[in-house]
Amino acid sequence: MEKGEHTKWHIADGAACVKNILMPLQLSAEEILWQQCSILSIAVAITSTKDVTRRRQAAIHTWAPVFSAVHCGGNRRGTHLSCQLWGKFPSSALAKDGDITFGGIFTLHYKGATPEASYSAGPLNPGCVGFNLRAFRWAQGMIFAIEEINQDEYLLPNITLGYKIHDSCANPPEALRATLSLVNGEEDISTLNSTCKDRSVVAVIGCSGSTQSITIARILGSFGIPQISYFSSCACLSDKHEFPTFFRTIPSDYFQVQAWVKVVKHFGWTWIGAFGSDDAYGHFGIQSFLEEIKKIDACIAFAEYFPAVYTKGKIQEHIELIKKSKAKVILVFATEIDMYILANELLKQNVTGIVWLASESWATAGLLSTKEMFGTLGGLLGLGIQRSTIKGIKDFLLRIHPADYPGNVYIKEFWETTFKCTLASQNYNTLPYPDRKCTGFESLQSVTNIYTDVSQLRITYNTYKAVYAIAHALHNVLFCENNTKICHSVKEIKPWKVTHSLKEVQFKIKTGDEIQFDHNGDPRPSYDIINWQLDINGDVQYVDIGFYDGSAEEGYELTINEDNIIWNGGQKKVITSSCSESCPPGTRKATREGEPICCFDCVPCAQDEISNSTDSIDCIRCPWNHWPNSMKNTCLPKAVEYLSFSEMMGIILSALGVAGACLTVFVAAVFFHFRSTPIVRANNSEISFLLLFSLLLCFLCSFLFIGEPSHWSCKLKHAAFGITFVLCISCVLGKTLVVIMAFKSTLPGHNIMKCFGPLQQRLSVFFFTFIQIIICILWIAISPPFPSENAKYFKNRIIFECNLGSVAAFCFVLGYIGFLSIMCFILAFIGRKLPDNFNEAKYITFSMLIFCAVWITFIPAYLSSPGKYTVAVEVFAILSSSFGVLLCIFAPKCYIILLRPETNTKKHVMGRSISSAKI
């Protein structure tokens with residue numbers, strides 16, 4: 001039907017009736033009819049489902065109450081319209097007249113029966129199944145709060161509050177019926193002259209399910225009627241653009257998800273399963289949790305939704321999924337009836353050892369917290385809405401009796417469910433408890449169930465706060481001058497004024513809690529963290545073990561006392577849940593290809609790396625001066641190594657150095673003592689003593705290479721080594737030249753010795769040595785050796801050594817020594833066959849041969865020896881070459897001086913060549 005067609009109708013006679021029926025809209029008859037069509041389209045959209053058959057049934061089931069409100073029929077030729085009902089709304093479950101009426105929608109039954117549509121007759125209300133004692137207590141909490149306000153002398157004085165409470169049966173179609181009934185009324189307007197009373201409510205308290213609340217919020221938002229939910233926590237309802245008149249006394253699921261993420265992180269769980277109801281509450285909750293859980297590097301083992309219609313096969317699929325995933329922690333965002341179906345099957349199959357994380361919708365559900373279910377669900381953690389003690393409500397709850405509500409089917413059903421008897425006289429075979437008839441004398445005083453238990457007033461308390469919030473908002477609208485003088489009449493109250501007042505309301509109720517709503521219509525986000533435990537009587541108790549405050553500073557939102565928790569199976573140790581076992585220190589996590597990041601293998605760290613924490617993602621490299629221990633979980637300082645005097649190698653080399661120095665001193669003493677003998681005089685005693693002095697310095701400079709390197713020792717030892725060895729070779733070279741030139745001078749026509757006398761010999765030694773001194777000075781001035789820690793040779797220790805600074809300078813020093821020694825060797829080799837009995841050239845040749853052999857082998861040994869062995873090779877080369885020179889040159893002379901003194905004569909020394917006497 002197009003809107004333009006309405007204008008062709010003759011509706012003058014029926015406009016007043018239609019206007020009064022939809023009084024809250026304050027619209028013309030034409031607009032009201034158009035509004036009815038809009039409401040109808042919204043209802044059809046809301047109740048659509050994926051299943052075609054269920055969608056058709058839901059549509060029929062939903063259209064009926066819309067058209068049952070009023071049908072203004074007629075024809076285009078007529079002059080008036082008549083008002084008649086096409087059907088009836090269900091009557092209120094509980095109602096009481098008052099000056100101002102509050103609407104209430106509660107899930108007094110767990111679910112609605114499946115509608116049956118024959119298409120041959122009008123659809124009948126299929127009714128509801130499973131009376132919900134817990135929700136009935138919530139409704140009684142609303143009535144209690146209203147009665148309490150009616151007795152209050154200061155809040156809404158002289159104004160009586162009434163109520164109309166309907167059942168939503170936990171499904172959107174019934175919630176929609178209840179909403180339209182509260183908005184349009186239930187009376188039959190069958191004549192034109194009937195007076196249409198204002199039957200609308202000023203505000204609605206409900207509903208418990210988020211999907212139902214979304215359904216009715218869109219309707220109530222169109223009428224501008226405020227709605228306060230006591231149990232709908234879907235974060236989507238905080239959208240004020242879509243739900244402008246929606247408020248609630250339960251925190252948004254956004255904060256519930258944040259709380260669960262904090263709990264999961266606190267206990268270190270990384271492998272989590274998740275179930276949710278197949279509705280707005282479950283979908284928004286699970287999807288938000290999936291997004292947030294990634295931020296703490298945890299993974300979801302599975303995420304499934306309970307179907308609207310459970311089958312045995314689907315239940316079995318969920319059970320197998322739980323077993324196969326090996327997840328020990330499972331979060332459930334669902335209604336208690338959905339969880340009840342799964343828990344029953346878990347109980348049958350004896351599935352235990354799981355930590356259940358219960359959303360606030362079933363964390364304190366009496367249907368589940370039973371002794372029978374405790375083996376499966378015991379030890380769970382749940383988020384409980386803030387609870388409180390409401391003074392006087394216990395007596396109020398126990399006063400109810402069927403005799404006070406004759407004909408009320410809900411009170412009758414409550415009584416029958418509580419006492420498991422029948423309050424009817426029909427055929428008992430069709431009644432719920434045919435074998436037992438209620439007497440009417442049963443007493444609630446002796447009953448202990450979820451209805452009479454007031455120790456955990458959470459949702460009831462939310463309902464209580466919702467009633468007081470509306471009452472205070474009304475008070476602020478009606479009264480002025482410090483809220484003491486009435487300024488507006490009850491008839492002037494408009495729903496939008498109440499909505500505006502609710503946004504600004506702020507007060508304290510009798511329990512001491514402050515009530516106010518934020519800009520999204522939400523209360524302060526806080527939860528009790530509860531743990532299911534058994535008391536001494538074997539009953540399930542909700543033990544507070546922590547608290548979550550979403551308004552607290554970052555890092556201080558969650559408080560948990562782990563010592564008070566008893567996990568599933570009665571254990572005190574925290575149950576772990578992970579896809580893979582934790583990687584110990586010394587290893588890192590390696591993700592398995594194609595699997596979540598929480599499923600991984602543990603790989604040992606590389607040679608130079610460690611991991612010092614459990615489940616490390618990467619190994620860290622140790623500092624250059626540290627190395628991993630055998631477990632690769634910590635870095636140990638590397639041992640600093642150098643050739644020290646205290647170790648065996650240092651002791652041996654030091655002993656050789658001392659022995660060489662002592663032997664040199666001994667030879668010098670012998671030569672000094674026998675300095676006047678022919679053999680000493682024949683070998684140029686001055687050069688000999690200088691040579692012995694240089695050898696003594698060579699032996700002593702070896703000590704500079706042993707011990708801990710320092711700046712001065714690194715500079716001094718290389719310079720001393722280079723200069724002393726050049727001095728030594730220069731002396732040997734001088735002796736060689738003297739031998740060669742002395743022989744040449746004996747030949748006719750040669751007088752070379754005149755040009756190479758003692759002065760020239762001294763100058764030659766000084767000249768050769770001075771060149772080395774210049775090289776060493778330049779080396780030390782430009783790029784001197786310095787102590788350094790070398791970690792490249794060994795992984796577990798550092799070599800403390802002298803860095804050469806300039807390798808080229810070191811090569812120049814060695815090269816110069818090598819050049820002099822080779823030149824000395826060549827000259828000595830030339831003079832090896834001179835005719836003297838005691839030809840010193842032969843001994844010099846042997847000494848230079850040993851010297852060159854030592855230093856030629858030194859080069860590869862030096863380059864290939866790591867660490868302190870490099871220094872040891874260098875010291876050994878110094879000592880061995882020094883011993884070679886000392887023994888080869890001076891040992892034969894000492895042998896003759898000390899052991900063969902008879903040969904220490906000029907004649908014997910000169911031998912066959914008289915000319916050699918000049919030597």
Side-chain angles (χ1 to χ4, degrees), residues 47-51 53-55 58 107 109-114 128-130 132 134-135 168-175 207-215 231-236 253 256-257 260 272-290 300-325 327 329-349 351 354-370 373 376-377 380 382-383:
T47 56
S48 64
T49 64
K50 295 180 181 179
D51 182 73
T53 302
R54 289 181 57 228
R55 182 169 67 248
T107 53
H109 289 84
Y110 286 111
K111 62 180 180 178
T114 303
C128 308
V129 295
N132 190 342
R134 186 183 180 207
S168 71
C169 295
N171 66 56
E174 290 300 324
C207 187
S208 60
S210 293
T211 301
Q212 294 92 281
S213 286
I214 290 172
T215 302
F231 207 16
S232 297
S233 56
C234 179
C236 58
D253 279 339
Q256 182 173 191
V257 168
W260 281 128
I272 318 296
F275 283 112
S277 295
D278 192 14
D279 55 17
Y281 173 71
H283 281 279
F284 274 93
I286 294 300
Q287 290 302 318
S288 298
F289 183 73
L290 295 182
I300 297 297
F302 60 84
E304 291 288 322
Y305 297 97
F306 298 131
V309 179
Y310 244 123
T311 62
K312 183 69 176 178
K314 192 63 178 179
I315 297 175
Q316 192 60 38
E317 285 181 17
H318 286 166
I319 300 298
E320 291 301 320
L321 182 61
I322 293 173
K323 294 178 180 178
K324 183 180 178 180
S325 71
V329 177
I330 300 176
L331 172 67
V332 180
F333 261 93
T335 60
E336 59 181 301
I337 190 62
D338 283 337
M339 187 58 197
Y340 180 77
I341 297 172
L342 179 66
N344 265 331
E345 190 63 26
L346 291 169
L347 181 62
K348 291 178 183 178
Q349 299 193 26
V351 178
I354 295 175
V355 179
W356 294 93
L357 305 181
S359 65
E360 92 296 329
S361 61
W362 67 279
T364 56
L367 188 64
L368 292 164
S369 54
T370 62
M373 292 287 187
T376 298
L377 302 179
L380 69 73
L383 291 185

Taking only residues two or more places apart in sequence, or in another chain, which ones meet [X] in a side chain to side chain contact (heavy atoms under 4.5 Å, CB included)?
{"X": "S288", "value": "V257"}
{"X": "T107", "value": "N132, A135, W138, S168, A170, C207, S208, Q212"}
{"X": "S233", "value": "I250, D253, Q256, Y281, E360"}
{"X": "D338", "value": "S277, F306, A334, T335"}

Check: Taking it one step at a time, do R134 and T364 satisfy side chain to side chain contact (heavy atoms under 4.5 Å, CB included)?
Finding: CA-CA 10 Å; R134 186 183 180 207; T364 56; 2.9 Å; yes
Next item on the list: Not counting sequence neighbours, which residues clear side-chain hydrogen bond (donor to acceptor under 3.5 Å, both in side chains) with S210? List them please.
Entry: none
Are [X] and [Y] packed together at the side-chain level, in the sense that at least one heavy-atom pair is separated by less than 4.5 angstrom?
{"X": "L380", "Y": "W362", "value": "yes"}
{"X": "H109", "Y": "V129", "value": "no"}
{"X": "S359", "Y": "M339", "value": "no"}
{"X": "T211", "Y": "N171", "value": "no"}
{"X": "Q287", "Y": "L290", "value": "yes"}
{"X": "W356", "Y": "L346", "value": "yes"}

Could you list the residues that satisfy salt bridge (Lys or Arg N to Asp or Glu O under 4.0 Å) with [X], not counting sequence neighbours?
{"X": "K312", "value": "E345"}
{"X": "K323", "value": "none"}
{"X": "E320", "value": "none"}

First locate atom [atom1] of [X], then atom [atom2] of [Y], and finally report the distance between them rounded to the nearest 0.5 Å.
{"X": "I330", "Y": "F275", "atom1": "CD1", "atom2": "CZ", "result": "6.0 Å"}
{"X": "Y340", "Y": "L377", "atom1": "OH", "atom2": "CG", "result": "11.5 Å"}
{"X": "I341", "Y": "H318", "atom1": "CD1", "atom2": "NE2", "result": "11.0 Å"}
{"X": "I286", "Y": "L331", "atom1": "CD1", "atom2": "CG", "result": "5.0 Å"}
{"X": "I322", "Y": "I354", "atom1": "CD1", "atom2": "CD1", "result": "5.5 Å"}
{"X": "L321", "Y": "F302", "atom1": "CG", "atom2": "CZ", "result": "4.5 Å"}

Please report the closest heavy-atom contact between [X] and [Y], naming both atoms and the distance.
{"X": "F231", "Y": "S361", "value": "CZ-CA, 3.2 Å"}
{"X": "A365", "Y": "S369", "value": "O-OG, 2.9 Å"}
{"X": "S325", "Y": "A301", "value": "CB-CB, 4.1 Å"}

Margin query: One pair to check against side chain to side chain contact (heavy atoms under 4.5 Å, CB included): M373 and N344. What are the steps and the verdict?
Written below: CA-CA 8 Å; M373 292 287 187; N344 265 331; 3.1 Å; yes
Check: Sequence neighbours excluded, which residues qualify as ring-ring contact (aromatic ring centres under 6.0 Å, His included) partners of F289?
Finding: none
Checklist line | Those residues that, when tested against Y110, pass ring-ring contact (aromatic ring centres under 6.0 Å, His included) (two or more places apart) | finding: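 For Y110, no residue satisfies ring-ring contact (aromatic ring centres under 6.0 Å, His included) once neighbours in sequence are set aside.
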